[in-house]
Peer 1: 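Here it is, the structure, as structure tokens.
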Amino acid sequence: MTDVQSSPRGSYAEPYPHPSGARAPQIPREFLPRHVAVVMDGNGRWANARGLPRTEGHKAGERSLLDVVAGAVELGVEHISAYAFSTENWKRSPDEVAFIMRFTKEVMERQLETMASWGVRIRWSGRRPRLWNSVIKVLERCEEATRDNDRCTLTMCMNYGGRAELADAAASIAREVAAGRLDPRKISEKTVQQHLYVPDAPDVDLFLRSGGEHRTSNFMIWQAAYAEMIYLPEAWPDVDRRHLWQAVEEFARRDRRYGGAIDAVKPA
Ligand code: FPP
């Protein structure tokens, strides 16, 4: 891995433009999602539909991820979290699991310098046990190399599961109580938030899933409690920054009430 210098704020490179010439829509900051969660689904089906092994779909997904990150940077989205490998994905064939582990390392090594130049801070979220040590090493190296970047945070969710994260938070809270450092009567939603893998990440505003399925698949179930859900019919390898921009435009039109209500009786 090459040595990467974090650029001081204000001197970041602009992402390469989209080949179609499409430009990011101008959306006022107050209508932008601060945090977009992305489920990169449909790689296997995309590949199989072309007579290729599933792993070719993952390979094709690298360009989509980089392009969506470029689009997030151009738009001014502060956080993007990508579901790269779930705690349930260990059920896949050993060959596919090994491929995703090796491929994720390669992608991060290959794209670190480019993303760092755009001002992207890279983080890892997920469970340590069982995840390949070599993957953790590469992700931690990316975290270290980009820790001062403050334009956009890309959280790579590897060996991540929403339920696993909440179970780990509960275990961590229980340890604090057992050690006498925490009064159980003071446990609140804020306490749970503080014990998540990336406690300082804001709630997910926009949850974007490719591949045509309409479910969360255990991704960020705490953080996305009030997220707007947008499902794309396209498989992940066919997704690019323009899909993100369209989703954000749709997000900006939605009415978010967070459980509140407005009495809007029409005059008789
Ligand atoms: C979901 O598609 C994809 C995954 C479980 C793996 C995600 C990994 C990538 C996008 C590879 C690229 C990785 C990086 C780091 C860019 P699926 O395999 O469930 O597809 P299917 O629903 O068609 O079977």
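Ligands are counted one by one from 1 in listed order, and the atoms in each one are counted from 1 as well.
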Peer 1: What protein heavy atom sits nearest atom 21 (P) of ligand 1, and how far off is it?
Peer 2: Arg45 NE, 3.5 Å
Peer 1: What residue and heavy atom of the protein are closest to atom 7 (C) of ligand 1, and at what distance?
Peer 2: Ala84 O, 3.2 Å
Peer 1: Tell me, please: is Met156 in heavy-atom contact with ligand 1, that is, under 4.0 Å?
Peer 2: yes
Peer 1: Give a yes or no on this: more than 12 heavy atoms of other residues, nucleotides or ligands lie within 6.0 Å of atom CZ of Arg63.
Peer 2: no
Peer 1: More than 12 heavy atoms of other residues, nucleotides or ligands under 6.0 Å from CZ of Arg23: is that the case?
Peer 2: no
Peer 1: To the nearest 0.1 Å, how far is atom 24 (O) of ligand 1 from its closest protein heavy atom, and which atom is that?
Peer 2: Arg54 NH1, 2.9 Å
Peer 1: To which protein heavy atom is atom 4 (C) of ligand 1 closest, and what is the distance rounded to 0.1 Å?
Peer 2: His58 CE1, 4.0 Å
Peer 1: What is the nearest protein non-hydrogen atom to atom 16 (C) of ligand 1, stated with its residue, atom name and distance?
Peer 2: Leu65 CD2, 3.5 Å
Peer 1: Pairs of nitrogen or oxygen atoms closer than 3.5 Å, one from Asp41 and one from ligand 1: do any exist?
Peer 2: yes
Peer 1: N/O of Asn43 under 3.5 Å from N/O of ligand 1, yes or no?
Peer 2: yes
Peer 1: Counting non-hydrogen protein atoms only, what is the nearest one to atom 1 (C) of ligand 1? Give residue, atom name and distance.
Peer 2: Met40 O, 3.1 Å
Peer 1: Does ligand 1 have an atom under 4.0 Å from some heavy atom of Gly211?
Peer 2: no
Peer 1: What I want to find out is whether Arg121 reaches Asp150 closely enough, with some N-O distance under 4.0 Å, to be called a salt bridge.
Peer 2: no
Peer 1: Do the rings of Phe219 and Tyr83 sit parallel, tilted or perpendicular, given the 30° and 60° boundaries?
Peer 2: parallel
Peer 1: May I ask you to check if Arg92 and Trp90 form a cation-pi contact, with NZ or CZ under 6.0 angstrom from the six-membered ring centre and within 45° of the axis?
Peer 2: no
Peer 1: Say whether Arg92 and ligand 1 are in contact under the criterion: heavy-atom distance to a ligand atom below 4.0 Å.
Peer 2: yes
